[in-house]
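Below, read A as the first sequence line, B as the second, and so on, with proteins coming before strands; counting in each chain starts at 1.
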Amino acid sequence: MKKIFRRSFMRATSLLAPTLREAPAEAEIISHQLLVRAGFIRRVAAGVYNYLPLTMRVLKKIEQIIREEMDAAGGQELLMPIIQPAELWQDSGRWNVYGPELFRLKDRHDRDFALGPTHEEIITSLVKGEVSSYKQLPLLLYQIQNKYRDERRPRFGLLRGREFIMKDLYSFDRDQEGLDVSYMKMYHAYTKIFKRCGLTFRPVEADSGAIGGSDTHEFMVLADSGEAAVLFCGNEDCEYAANVEKAAQVFKNEKEKEELKPLSVKETPNMRTVEQVSTFLNIKPQKIIKTILYENEHGVVAALVRGDREVNEIKLLNALGCLRLDLAGENTVKKATGAAVGFAGPVGLKGIKIIADLEVAALVNAVAGANKGDAHIINVNPGRDFTIDLLTDIRMVQAGEPCPSCGSELKEARGIEVGQVFKLGDKYSKILGATYSDENGTSKTIIMGCYGIGVTRTMAAAVEQNHDQDGIIWPASIAPFHTVIIPVNTRDSSQVDLAEEIYGRLWSGGVETVLDDRAERAGVKFKDADLIGYPLRITIGSKAVAEKQVEVRVRKTGEMYLVPLDQVESVVRELLGKL
RNA sequence: CGGGAUGUAGCGCAGUUUGGCUAGCGCGCUUGCCUUGGGAGCAAGAGGCCGGGGGUUCAAAUCCCUCCAUCCCGACCA
């Protein structure tokens with residue numbers, strides 16, 4: 001490529017941003033496709049990527065925003081190792097619990113190590129050694145670093161990689177009240193961070209899952225491709241929002257006022273699903289007791305929900321307090337109920353724990369499987385006909401149901417989880433023995449919280465949320481560059497000179513600018529500019545030279561401004577401020 | 001980890017059914033001419049262990065065996 005321009009800052013001719021017309025076949029979601037096509041990432045192995053220069057610039061900006069907010073909230077940055085000795089994980093008990101997601105390796109002496117998927121063990125061990133007095137608390141420590149998870153199924157490009165960059169902060173407090181303060185600091189810092197990144201997001205209540213602990217919120221970037229479903233209150237004054245896994249049902253205990261009728265068995269040949277039974281017997285799905293069998297480490301349990309509801313396996317798992325939970329296989333169902341799948345019911349089930357959703361106990365004269373082939377029982381009444389061992393909320397809440405906080409209607413959306421704040425309590429400090437002495441010299445366990453932000457995932461989420469058919473539309477705060485300057489005809493030296501002049505002025509004024517000095521036709525440069533997603537584009541054609549005005553175009557809206565030469569910098573700044 | 005599919009040039013694909021190939025096409029890349037406001041045109045080129053290994057055959061991208069990788073569908077997670 002001929003060098004046409006004289007000076008060299010960031011010129012398209014030297015920038016490694018290899019754009020592609022077509023996306024690789026394996027890229028199924030838009031952020032993955034666009035990041036590959038626009039020359040941001042290249043795949044190395046499943047779920048492992050090269051981050052090209054454009055990506056590095058975006059990541060650095062996101063990280064900078066995170067650093068500023070973490071520091072403002074009192075956080076101190078440190079860096080912990082990726083390679084962690086197995087002993088730490090054995091001490092916490094997670095060497096066995098974490099399972100195949102933990103990348104494991106051995107050194108030359110055959111000693112076990114793990115690639116850190118998270119750093120609770122390491123940091124707790126560090127603090128245990130270095131903190132001994134209440135005077136040293138609270139303490140907020142964070143790092144921004146690579147994490148490793150050997151995902152069952154890496155996919156979606158940067159959204160679910162096996163190697164990714166994460167900011168993780170850990171808080172150490174004297175007590176629960178201190179933790180509450182740290183937690184709120186982080187919650188507010190996260191709100192600022194995602195706002196500054198230009199994202200539309202929502203903090204939602206979430207399940208605490210395998211990390212163990214109590215309160216937790218997830219920060220969800222709203223996007224149709226999101227893997228998580230969230231429910232939020234339709235009332236704008238109400239802030240309730242929750243992951244569907246967590247969302248609590250509003251239960252009105254209204255038992256129908258019907259005479260209890262005697263049990264009776266009905267033939268229901270081949271009627272297995274709620275829909276079939278409901279149609280066949282001409283009754284509403286709400287009057288059916290759906291019985292789902294699960295297996296866990298203790299044996300088989302029966303989960304009961306109303307026919308129009310779905311079991312929430314997370315709630316069920318938590319209610320049972322078990323480690324694992326799997327839908328029972330065909331054979332297990334036959335053995336446990338004596339009937340094929342589709343005819344299980346609570347009446348006469350022996351030796352199986354029955355856990356029912358709140359709504360089930362309110363049913364009168366309901367229908368349930370008969371535990372024999374091709375039959376259901378009608379007029380089933382909980383309490384009279386079977387005993388519920390555990391009665392609690394174990395069902396999915398759906399859009400349209402009342403908000404637990406204000407009673408308005410709930411709405412549903414999809415979200416990409418980019419951050420999580422979590423109250424760990426004493427889970428790790430206790431097991432690893434991280435204690436401090438209080439004013440009285442009494443030894444107490446440190447109370448912890450952990451707070452993560454997926455940095456690479458945030459970048460991908462930004463693309464999911466900000467793109468059109470032509471390419472990426474970066475929010476200005478995290479864009480790799482602010483503007484691109486495109487001289488239309490690189491053989492016209494007056495255009496080239498003018499482009500150079502503006503380029504130099506913008507750079508010295510601190511506006512991050514790429515000069516597309518390639519000897520390509522204008523169309524090619526326009527396409528690449530749209531694809532890469534520079535927030536602003538400055539086009540310099542023959543008219544610009546003749547009329548001393550350049551064209552500034554806003555990527556997001558397509559708006560064009562004709563700007564006199566001496567005002568380019570101020571107009572660019574003004575436009576950027578609004579993006 | 002189960003079930004399904006695919007591996008051919010940097011990317012997207014054809015060829016495999018029915019062995020005959022000296023392996024093609026589009027984009028991209030190189031050189032020249034031409035063109036210069038939305039991925040132009042012409043011409044000449046470069047680029048392949050047809051995923052690896054083993055077999056069958058006169059002959060294998062093509063048939064068989066076996067690994068490996070990738071993708072899609074099903075209970076995790078930032």
Taking side chain as C-beta onward, heavy atoms only, is K525(A) less than 4.5 Å from P487(A)?
-> yes

Tell me what L531(A) touches on the nucleic acid: a base, only sugar-phosphate, or nothing, going by heavy atoms under 4.0 Å.
-> base

Report the residue from F219(A), Y451(A), F422(A) that forms a ring pair (Phe, Tyr, Trp, His ring centres under 6.0 Å) with Y187(A).
-> F219(A)

Is the aromatic ring centre of F164(A) closer than 5.5 Å to the centre of the six-membered base ring of A78(B), with the two planes inclined by less than 30°?
-> yes

Please state the C1' separation for the pair C29(B) and C77(B) - nearest whole angstrom.
-> 41 Å

Could you state the atom-to-atom distance from CD of E245(A) to C1' of A75(B) in whole Å?
-> 11 Å

Look at R155(A) and C73(B) and indicate whether a side-chain polar atom (N or O) is within less than 4.0 Å of OP1 or OP2.
-> yes

Think R553(A) forms a cation-pi with Y561(A), using NZ or CZ under 6.0 Å from the six-ring centre and within 45 degrees of its axis?
-> no

Separation of C76(B) atom P from N243(A) atom CG, nearest Å, is 11 Å

Could you tell me the separation between the CZ atom of F156(A) and the P atom of C71(B), rounded to a whole number of Å?
-> 11 Å

Might you work through the side chain to side chain donor-acceptor pair (under 3.5 Å) test for N296(A) and Y294(A), ending with a clear yes or no?
-> CA-CA 7 Å; N296(A) 64 13; Y294(A) 285 90; over 6 Å; no

In whole angstroms, how far is the P atom of C34(B) from the CZ atom of R521(A)?
-> 14 Å

Re A59(B): Watson-Crick or G-U wobble partner, both distances kept under 3.5 Å, found to be none

Atom CG of L16(A) to atom P of G28(B): distance rounded to whole Å?
-> 18 Å

Just checking E218(A): base, sugar-phosphate only, or nothing, at a heavy-atom cut-off of under 4.0 Å?
-> nothing

So does E551(A) reach the base of G37(B) with its side chain, donor to acceptor, closer than 3.5 Å?
-> yes

Start at the 5' end of RNA chain B and walk down; is the nucleotide closest to E101(A) or to D470(A) reached first?
-> D470(A)

Nearest-nucleotide check on RNA chain B, S542(A) vs A45(A); residue mapping nearer the 5' end is S542(A)

Describe the nucleic acid contact of D492(A) in one word from base, sugar-phosphate, nothing, applying a heavy-atom distance below 4.0 Å.
-> nothing

K525(A) has an atom NZ; how far is it from atom P of U35(B), in whole Å?
-> 17 Å

Aromatic rings Y49(A) and H32(A): how do their planes relate, parallel, tilted or perpendicular, breaks at 30° and 60°?
-> perpendicular

With sugar-phosphate meaning primed atoms plus P, OP1 and OP2, does V488(A) contact a base, only sugar-phosphate, or nothing at under 4.0 Å between heavy atoms?
-> base

Please tell me which of the listed nucleotides, U70(B), C27(B), C76(B), lies nearest to the side chain of I314(A)?
-> C76(B)

Judged by atom type as modelled, is there a donor-acceptor pair below 3.5 Å linking the side chain of K290(A) to the main-chain atoms of R309(A)?
-> yes

Apply side chain to side chain contact (heavy atoms under 4.5 Å, CB included) to L498(A) and L565(A), showing your working.
-> CA-CA 9 Å; L498(A) 183 53; L565(A) 298 185; 3.8 Å; yes

Does the G37(B) base have a donor-acceptor partner in the side chain of N489(A) within less than 3.5 Å?
-> no

Could you list all N or O pairs between the protein and nucleotides 9-14 of chain B that sit under 3.5 Å apart?
from   : atom 1 : to     : atom 2 : distance (Å)
C11(B) : O2'    : E22(A) : O      : 3.3
G12(B) : OP1    : A25(A) : N      : 2.6
G12(B) : O2'    : E22(A) : OE2    : 3.2

At under 4.0 Å between heavy atoms, what does G161(A) touch on the DNA or RNA strands: base, sugar-phosphate, or nothing?
-> base

With sugar-phosphate meaning primed atoms plus P, OP1 and OP2, does G541(A) contact a base, only sugar-phosphate, or nothing at under 4.0 Å between heavy atoms?
-> base

Is D168(A) touching bases, backbone alone, or none of the nucleic acid, heavy atoms closer than 4.0 Å?
-> nothing

In whole angstroms, the gap separating C1' of G38(B) from CG of D516(A) amounts to 13 Å

Using only side-chain N and O atoms of R160(A), determine if any of them is under 4.0 Å from OP1 or OP2 of A78(B).
-> no

Just call it for T458(A): base, sugar-phosphate, or nothing, with non-hydrogen atoms closer than 4.0 Å on any strand.
-> nothing

Taking the six-membered ring of W89(A) as reference, does the NZ or CZ atom of R104(A) fall below 6.0 Å from its centre and within a 45° cone about the axis?
-> no

Please tell me which of the listed nucleotides, A78(B), G39(B), U70(B), lies nearest to the side chain of A46(A)?
-> U70(B)

Separation of the P atoms in G51(B) and G10(B), to the nearest angstrom = 13 Å

Between OH of Y148(A) and C1' of C77(B) the distance, given in whole Å, is 17 Å

What integer number of Å spans the P atoms of A60(B) and G19(B)?
-> 14 Å

With a cut-off of under 6.0 Å to the ring centre and 45° to the axis, is R457(A) in cation-pi contact with F164(A)?
-> no

